[in-house]
Amino acid sequence: MFGAITLFGPSCGEKSTADHHTAARAGFPCVECHRPDYDTAASPDHVASGLPTTCQQCHSLQAWRPAAFGDHATWPLTGAHVDATCSACHVGGVYAGTARECVGCHSADFAATTKPAHQTAGFPSTCELCHSTAAWVPSTFDHSAAWPLTGAHTAAACASCHSTGYAGTARECQGCHLADWEQAADPDHVTLALPKTCEACHATAAWAPADYAGHDAIWPLLGKHAAATCESCHAAGYAGTPTDCVGCHQSDYDGTKDPVHAEVGYPTACAVCHSAAGWKPAVFDHDAKWPLTGAHADAACESCHADGKYAGTPDTCVGCHQADYDGTKDPDHATLGLPTTCNVCHGTAAWKPADFDGHSELWPLLGKHADATCESCHAAGYTNTPTTCDGCHQQDYADSQSPPHASEGYPTACETCHAPAGWKPSSFNHATTWPLTGAHVAAQCASCHSGGLFAGTTHECSGCHLADFLKTTDPDHETVGFPQTCDVCHSTAAWKPSQFEGHETIWPLLGKHAVATCESCHAAGYTNTPTTCDGCHHTDYLNAAKPDHDAPGYPTSCESCHAPAGWTPTSFNHASWWSLTGAHTSTSCAQCHVGGQGAGIPTTCNGCHAPDYAASTNPSHTKWALSTACETCHSTTAWPPATFTKSTHGKFFTLTSGSNHKDFSCTDCHKTPQWSDWICVSCHTGEHNLSSMNNKHSGDVPKYNSTMAAAATPDLGCKSCHPTGEKK
C-alpha cells in the first residue's frame with residue numbers, strides 16, 4: 001500500500017526534499033519518520049502540551065526548524081494579542097485546554113474594573129461586547145443592541161436609569177417615568193385611569209408636549225370633533241367613553257323641535273341625517289328607505305307622516321291607499337276580493353288609469369279566453385281563482401257523451417285533448433300517454449281499454465300479456481322464473497319470434513358460452529345469476545391438478561389465465577405480476593414458488609438472493625455493509641459479474657471530476673473496511689497539502705478550519721464544501 005517508501009532507504013533524514021514529496025504523495029504520515037523530533041521538541045514541549053502529530057501544520061519539508069504555527073487559525077491573533085508571548089496564554093507551556101473565552105485570561109481585569117464596577121453591577125463576562133483586542137481601555141458599548149437611546153435618553157447619565165446596577169433594569173417607560181405619570185394633571189392620568197403605556201402619547205424627546213396619534217384608529221376626529229377639547233367627551237374619564245353619536249348628543253336629539261325627534265320617534269342613529277360638520281343643517285336620503293317616484297315625489301311629508309310622526313309609517317301601498325281600494329267599483333275591489341298589493345295594477349303616477357299587465361304571468365289568455373269577461377272566471381272574486389281547466393270546465397266534462405268522459409273515467413286534464421280555441425273539436429295524441437308501435441297500432445281500443453274504461457289502464461306489458469307469459473314453454477317462462485318485463489325479449493311486432501338482445505350488456509356470450517344452454521348458467525333461475533367466472537367454475541378451480549389452484553392460494557379471478565374458449569389450455573402473463581428477464585426466464589417455477597405456493601412470494605431481489613448476498617466475498621457484502629438493493633450492481637443475467645457504474649457512483653461522488661478518478665480502483669480511496677471511510681488529502685497532497693489548504697481557506701472561507709480537511713468523516717472534511725468533488 002505504501003510501496004513508494006522504498007525510495008528513502010535506511011535513513012529518511014538523508015533524502016532530498018523531492019524524496020519527502022514522494023513519501024507525502026503516497027500518503028505516508030510525517031510522524032512515522034519524525035517521531036523522535038516530535039518527542040524531543042521542548043519549545044514548546046509537544047508531548048506535554050498535547051500538540052497534534054500532523055507535523056505539516058507547523059513544519060515544512062525543508063527542515064524541522066524553524067517551524068511556524070500558520071496564522072494561529074485556531075484562535076486569530078489581533079490587536080495586542082499579536083505581540084503577546086505564547087506563555088502569556090499558554091502558561092507553563094501547556095497548550096491543551098487553553099481557554100478560548102476572553103474572561104479565561106482577563107478575569108482579573110473584569111474583577112478589578114470599577115468604572116463601572118463590572119462584578120458588583122452584574123455585568124456579563126462576555127468581554128468582547130465592550131472591549132476590543134487593542135486594549136482593555138478605552139471600551140465601548142452599543143446600547144442600541146439592548147435598548148436604543150433616542151431623544152433625551154441620549155444625553156441622560158447612565159446612573160439615571162442604572163441607579164441600582166445594570167442587572168434587571170426596567171425596559172418599560174413606566175419603570176423610570178411612573179412619577180411623571182402620577183404627577184401629570186392635564187389631563188389627570190391617575191383620576192382618569194389612563195394606561196401606563198407612556199409611549200402611546202409621549203415621545204423620548206420630552207414628557208411634554210404629548211400627542212395621542214392613535215385616536216383615529218378608535219374614533220376618527222372629523223369636523224367639529226377635531227377642535228373639541230378632550231374633556232368634552234371624556235369628562236367622566238377615558239374608560240367606557242361611548243362610541244355612538246347619541247352617547248354624547250342625547251341632549252341635541254331631545255332638544256330638536258323641527259321636527260320633534262323624540263315625539264316623532266326618529267331613530268337615534270344620528271349619522272343617518274347629521275354629519276360631523278355640525279348638528280345643522282341635516283339631510284335625509286328618503287330613497288334609502290322608500291324611493292319617491294311619480295306623484296309621491298311632490299307629496300307633502302305630512303300626507304304620509306300624519307301628525308309629523310315618522311315611526312311606524314307603513315311601507316305598503318294599502319297602508320296609505322286603503323280608502324282608494326275600498327272606494328273603487330270598476331271592478332269592485334272589496335266585493336271581488338282583489339288582492340291589496342296595489343302595485344300589481346297601479347303605478348305611482350296616479351290611482352287611475354290602472355292596468356293589470358301580469359295576467360300572462362299567472363294565466364295566459366289565449367283563444368276564447370282572450371275575449372272572455374273577467375267575471376266569467378272571477379265571478380266569485382279574484383281570490384282562489386282556479387288555474388286548472390277543470391276548475392272552470394267541469395260541466396263541459398260532465399256533459400260530454402262522445403265519448404262519455406265521466407262514466408269512462410277520462411282524466412280531468414282537459415288540455416290533453418282540448419285547446420283554448422274551443423271545447424270542440426278535440427284531439428287526443430296517444431303518444432303522450434303510451435306510444436302505439438308494431439301490432440299495437442292496429443289494435444282495437446277495447447282490447448286494452450276493456451269496457452270502454454280508460455282510467456287505470458296498465459302501462460306494463462304483462463298487464464295485457466300475462467297469458468302469453470304463462471303458456472310459453474320454450475323456454476318455460478314460469479318454471480324457469482323469467483322476469484315479467486316482456487320487452488326485454490319481445491317486441492311490439494309480435495310475441496314470436498323473441499330474442500334476448502340485452503345479454504351482451506349484462507354478460508357477453510363468447511367462446512363456449514355462446515353455445516351453452518341457458519339452463520347451464522340459469523339452472524336456479526335468472527335472478528341473482530353470478531357474473532364472475534368463479535361463480536360458475538369454482539368446481540373447476542378446486543379440481544385443477546396442474547397446478548393445484550386451491551392449496552397454493554391461486555386467485556379466483558379465472559380470467560387471469562383462462563379464456564372463454566375452454567378451461568384448458570391456459571395462458572399466464574407473468575409480466576403482469578413480475579417481469580421475467582435474463583436467467584429468470586429459464587428458472588423453474590418451483591425455485592420461487594416453493595411447494596407450488598403462489599401467494600406471498602417476495603418481489604424484491606433480496607427476498608430470494610439473500611444467500612448470494614451473504615456468500616459474496618469479492619467484495620464481502622456483509623463486511624462492507626453493502627446495500628441489499630441487489631439491482632444496484634447486479635442484473636438478472638447472473639449474480640457475477642456485477643457492476644457498480646460510474647453513473648451509480650455519481651449519485652454519491654462524481655468519478656469524472658478529477659483527471660485520475662476514473663482510473664482508480666475501489667481500494668485506492670476506500671482503504672479501510674468501511675466504504676464511507678475516506679480522506680481527500682490522503683491522495684491530494686502537493687498544492688492540496690493541509691498547510692496550504694489552511695493558509696488558502698482560513699481567510700476567505702468562513703466555515704473552514706484546519707481540522708476539517710483531515711477529518712476521517714467526509715461530511716466534516718473537504719466534502720462538506722465539495723460534495724461531488726467539483727470545484728466551488
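All figures in this text were calculated on a predicted structure; none of them were measured in a lab.
We find the OG-CG distance between Ser462 and Leu470 to be 10.0 Å, quoted to the nearest 0.5 Å. Distance check: Leu436 CG to His430 NE2 gives 4.5 Å after rounding to the nearest 0.5 Å. For the atom pair NE2 of His249 and OG1 of Thr256, the computed distance is 11.0 Å after rounding to the nearest 0.5 Å. Note that OG1 of Thr313 is 11.0 Å distant from CH2 of Trp290, once rounded to the nearest 0.5 Å. One finds the NE2 atom of His189 at 7.5 Å from the SG atom of Cys198 (value rounded to the nearest 0.5 Å). Between atom SG of residue Cys161 and atom CG of residue Leu149 there is a gap of 8.0 Å, rounded to the nearest 0.5 Å.
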**Item:** Derivation of the side-chain contact (heavy atoms from CB on, under 4.5 Å) call for Cys448 and Cys464
**Value:** CA-CA 7 Å; Cys448 291; Cys464 291; 4.2 Å; yes
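Minimum interatomic distance between His346 and Trp351 (heavy atoms only, all atoms of both residues): ND1-O, 2.7 Å. The heavy-atom pair separating Cys392 from Cys377 by the smallest distance is SG-SG, 4.4 Å. Residues Pro564 and Leu510 share a closest heavy-atom pair of CB-O, 3.4 Å. Contact detail for Ala514 and Leu509: the closest heavy-atom pair is CB-O, 3.9 Å. Looking at every heavy atom in both residues, Val246 comes nearest to Cys270 through N-SG, 3.9 Å. The nearest pair of heavy atoms linking Cys558 to Asp534 is SG-N, 3.9 Å.
Proximity of a side-chain donor or acceptor of Thr485 to a complementary backbone N or O of Val488 within less than 3.5 Å is not detected. Between the side chain of His490 and the backbone N or O of Ala494 there is no donor-acceptor pair closer than 3.5 Å. In terms of modelled atom types and a separation under 3.5 Å, the side chain of Thr197 and the main chain of Glu199 share no donor-acceptor contact. The backbone N or O of Ala413 sits less than 3.5 Å from a side-chain atom of Thr416, completing a donor-acceptor pair. At distances below 3.5 Å, at least one donor-acceptor pair connects side-chain atoms of His418 with backbone N or O atoms of Trp423. Side chain of Ser400 to main chain of Asp396: a donor-acceptor pair is present (N/O by atom type, distance under 3.5 Å, no hydrogens or angles). A donor-acceptor pair is defined here as one N or O able to donate and one able to accept, closer than 3.5 Å; no such pair exists between the side chain of Trp279 and the backbone of His274. Checked by atom type and distance alone, the side chain of Ser232 never pairs as donor or acceptor with a backbone atom of Ala228 at under 3.5 Å. A donor-acceptor pair is defined here as one N or O able to donate and one able to accept, closer than 3.5 Å; no such pair exists between the side chain of Tyr253 and the backbone of Thr268.
Using modelled atom types and a 3.5 Å distance limit, the side chains of Trp495 and Thr472 yield a donor-acceptor pair. Under 3.5 Å, the side chains of His449 and Thr457 contain a donor-acceptor pair of N or O atoms. A side-chain donor-acceptor contact under 3.5 Å links His234 and Thr241. Judged by distance alone, the side chains of Thr458 and Glu460 do bring a donor and an acceptor atom under 3.5 Å apart.
Applying the salt bridge (Lys or Arg N to Asp or Glu O under 4.0 Å) test to Asp332 and every residue at least two apart in sequence or in another chain returns Lys329. Here Thr204 pairs with Thr150, His153 under the side-chain contact (heavy atoms from CB on, under 4.5 Å) rule; sequence neighbours left out.
Taking the six-membered ring where tryptophan is involved, the planes of His465 and His440 are tilted, since the angle between them lies from 30° to 60°. Taking the six-membered ring for Trp and thresholds of 30 and 60 degrees, His202 and Trp207 have nearly parallel ring planes, at less than 30 degrees apart.
For the pair Leu466/Gln484, a side-chain contact is recorded, criterion being any heavy-atom separation below 4.5 Å from C-beta on. Residues Val283 and Cys273 have side chains not in contact (no heavy-atom distance under 4.5 Å, counting atoms from C-beta outward). Within the 4.5 Å cutoff, side-chain heavy atoms of Leu338 are placed close to those of Tyr325.
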Sequence neighbours left out, cut at 3.5 Å: what donor-acceptor pairs do the side chains of residues 174-182 make with other protein atoms?
from	atom 1	to	atom 2	distance (Å)
His177	ND1	Asp180	OD2	2.8
Trp181	NE1	Pro195	O	3.3

